[in-house]
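The structure under discussion appears below in the form of structure tokens.
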Amino acid sequence: MTRHLHILFLLITLSFSYALKANSELQNPVHSDSAATHEELSVTDRVVEHIMNHVADANVNHLGTIKEEGKEDHHITIELPCILYRKATENQAGKWSFFMSSKFHHGHEAYEGYKLDEHTGRVVDANTGTRDTFYDLSITKNVFNMLLGFIILSIIFFTIKSAYVKRQGQAPKGIQAFFEPIIVFLIDDIAKPNLGDKYEKYLPYLLCVFFFILINNLLGLVPFLGSINSSGNISFTMVLATCSLLLINISGNKHYWQHIFAMPGVPKWALAILTPVEIMGVILKPAVLMLRLFGNITGGHITVLAVVGLIFIMGEYATKMSGATAGTLISFPILLFVNAIELFVAFLQAYIFTLLTGIFIGAAIEEHHH
Amino acid sequence: MLLGFDPMSLLTPDLGLVFWTTIIFLVFWLLVGKFAFKPIAKAIKDRDQNIADALTAAEKAKAEVQQMHSDNASLLKEAREESAKILKEAKELKDSIVAEAHHSAKEEAAKIVANAKIEIDAQKKAAMAEVKNEVSKLSLEIAQKVVGRELDSTKDQQNFITSLVDKLN
């Protein structure tokens, strides 16, 4: 019972935080110079814009804005390092810039020829307003989220490792006991059935993929860290899918390649169709992994924010207060539900990505006996 | 509609993010995968093996104890049977010895009695013969004294008296 209450409390806290964050950002559109154009946007468009900017990457981790009558807006942000390389032109050699995003003063000032776009939170060229004159290798909010996840996972798993070394052969305890069932589940449910005797070779990769996706999914659900959509970014899923692609094809044995280029027992004319399909399959399998994770996590973020946005849309179209109240009453239960689903999806998608990677590697290293 | 975002940017991989994701994930894989997950997986496998071995050993020990137990029981049973057999044999031996003794004593006694009877009979016969002889002699003397000299032919008289005595029996 208490456990259920805890979970409920957690979800309520999460929902409130989302609502507060969206509130602070929507009520106070963070822009100055383009204010005129922005005012013309309807509240629905602003909600859409906010959502799309939220799920995309940004050079500053914007947590919220506090607005007071007669005072300048106070932005709550986690400032991030900018690492920029201006492309060489005829007049100018290429140039590296390293500075913190706080130099932009929330988009009010330009720095070293760069400025911060206030809608997207991305660094743009101060002159052209575009991003194609330089390379951006900054620690963006997604990179920040990944680094945070990396640090958390490293601490957790090195602690667990030392527990296993120290308490060799004994029953697990504490954090070790919390993670062991998950690890054992992955070993028994993904690694062993798909990879057979060679599972130990691929197990570290599978565990890494699972926990790396999981921690990014879960950190993406923490509003006071900015609910960063790192595992729902196409770049993130692309890198992981590429690693899986390389691992699958490097591990592939003679039979695997034989089945791709010359499926045994298939007439010659049919191979003309089958082989291109199989070759496409090599790329498509990881591409589907990439798109599935991207779609599920980004979709989850969009859903949560859309439900929060409902409050502001209804507030705009009815009289402000009553509409917002009705919107809150409607969206709050939905938000609780969607958040619970998202929590589940965080685990599910990490599991599915790992499972399919395991299955694909298993198919590539399987010894066929015809 | 002037929106501050490019919808296609959602589906466009970003160079910087790809770069950092690759570095972070590869470092994570090399560091945590190699130095944490590998030892953890090994420790779990070793422990599973240990537990399996311990269970097998326990099962074996249990079977051994069971075996010993049944061995003991059968040994005990055998010992009991042996002692019962020995006791039975001893009893039989005793009985047979007693019976033998009894039998031989009886036989001995019977023999002694028979011998005694024979002896008695012989003695009796001898005594009888002597008595008869004595009586016939005495009778003859008495008759000689009674009849006197008239009886000359002693020989005939003797025979006559002997026959008389024989008749007396």
Side-chain angles (χ1 to χ4, degrees), chain A residues 31 34 37-38 40-42 45 48-49 52-53 55-57 83 117-120 135-140 142-143 146-147 149-150 153-154 157-158 160-161 164-165 168-170 179-180 183-184 187 191 200 203-205 207-209 211-212 230 233-236 238-240 242-243 294 298, chain B residues 1-70:
Chain A
H31 50 82
S34 60
T37 57
H38 206 262
E40 292 159 18
L41 289 176
S42 71
D45 290 338
V48 171
E49 189 205 73
M52 299 321 276
N53 284 333
V55 296
D57 206 357
I83 303 163
D117 183 291
E118 284 182 276
H119 310 305
T120 60
Y135 295 113
D136 185 357
L137 294 180
S138 307
I139 307 296
T140 58
N142 284 345
V143 178
M146 271 183 260
L147 282 172
F150 171 79
L153 287 182
S154 302
F157 286 111
F158 278 105
I160 292 176
K161 188 210 110 183
Y164 273 108
V165 172
Q168 204 168 12
Q170 293 182 50
F179 278 94
E180 184 174 308
I183 297 174
V184 169
I187 293 173
E200 275 167 289
L203 189 62
Y205 177 73
L207 291 174
C208 281
V209 165
F211 285 108
F212 196 60
S230 57
N233 194 292
I234 196 86
S235 311
F236 177 97
M238 192 182 82
V239 169
L240 291 192
T242 309
C243 287
F294 160 75
T298 301
Chain B
M1 194 163 76
L2 287 159
L3 294 182
F5 73 96
D6 168 21
M8 270 319 285
S9 71
L10 258 190
L11 279 165
T12 316
D14 178 75
L15 174 77
L17 196 50
V18 168
F19 172 77
W20 283 111
T21 310
T22 310
I23 287 186
I24 294 170
F25 182 68
L26 288 184
V27 169
F28 181 66
W29 183 8
L30 289 177
L31 200 71
V32 178
K34 194 172 161 72
F35 298 110
F37 285 138
K38 220 173 211 175
I40 289 172
K42 194 176 170 294
I44 289 176
K45 195 187 167 199
D46 289 351
R47 206 188 49 201
D48 283 358
Q49 193 58 48
N50 274 347
I51 292 171
D53 288 352
L55 282 176
T56 318
E59 204 64 40
K60 216 171 127 194
K62 206 172 137 193
E64 257 166 31
V65 167
Q66 200 87 40
Q67 183 65 39
M68 244 146 82
H69 212 74
S70 66

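Between chain A and the options B/Leu17, B/Val32, B/Val27, heavy-atom pairs under 4.5 Å are most frequent for B/Leu17. Taking A/Leu240, A/Thr298, A/Ile234 one by one and counting their heavy-atom pairs under 4.5 Å with chain B, the maximum is reached by A/Ile234. Contact count versus chain A (heavy atoms, under 4.5 Å) is highest, among B/Asn50, B/Asp48, B/Asp46, B/Ile44, for B/Ile44. Interface check for chain B: of the options A/Val55, A/Leu153, A/Thr140, the most heavy-atom pairs under 4.5 Å are formed by A/Leu153. Ranked by heavy-atom pairs shorter than 4.5 Å toward chain B, the options A/Thr242, A/Ile139, A/Leu203 are led by A/Ile139.
Taken from NZ in A/Lys161 to NZ in B/Lys42, the straight-line distance is 12.0 Å, to the nearest 0.5 Å. With rounding to the nearest 0.5 Å, the separation of CG in B/Asp14 from CG in A/Asn142 is 9.0 Å. A distance of 6.0 Å separates SG in A/Cys243 from CH2 in B/Trp29, rounded to the nearest 0.5 Å.
The two residues B/Pro13 and A/Ser235 come nearest to each other via the heavy atoms CA-OG, 3.4 Å. Closest approach of A/Phe294 and B/Leu10 over heavy atoms only: CE1-O, 3.6 Å.
We find that A/Glu200 and B/Lys45 are joined by a salt bridge, their nearest charged nitrogen and carboxylate oxygen being less than 4.0 Å apart.
Between A/Leu147 and B/Ile24 the shortest side-chain heavy-atom distance falls below 4.5 Å.
Side-chain rings of A/Phe212 and B/Phe25 approach one another, their centers coming within less than 6.0 Å. Checked against the 6.0 Å centroid criterion, the rings of B/Phe37 and A/Tyr205 do not qualify as a close aromatic pair.
The number of heavy atoms from other shown groups lying within 6.0 Å of CD (A/Gln168) does not exceed 12. More than 12 heavy atoms of other residues, nucleotides or ligands sit less than 6.0 Å from atom CZ of A/Phe158.
Only the backbone of A/Asp136 has a heavy atom closer than 4.5 Å to any heavy atom of chain B. Neither the backbone nor the side chain of A/Val165 comes within contact range of chain B; no heavy atom of the residue lies under 4.5 Å from a heavy atom of that chain. Only the side chain of B/Phe19 comes within less than 4.5 Å of a heavy atom of chain A; its backbone N, CA, C and O stay farther away. A/Met146 touches chain B through backbone and side chain together, each having a heavy atom under 4.5 Å away. For B/Leu31, the parts lying near chain A are the backbone and the side chain together; criterion is any non-hydrogen pair under 4.5 Å. Heavy atoms closer than 4.5 Å to chain B are found nowhere in A/Phe179, neither backbone nor side chain.
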B/Arg47/A/Tyr164 under side chain to side chain contact (heavy atoms under 4.5 Å, CB included): CA gap, chis, key distance, verdict: CA-CA 10 Å; B/Arg47 206 188 49 201; A/Tyr164 273 108; 3.9 Å; yes

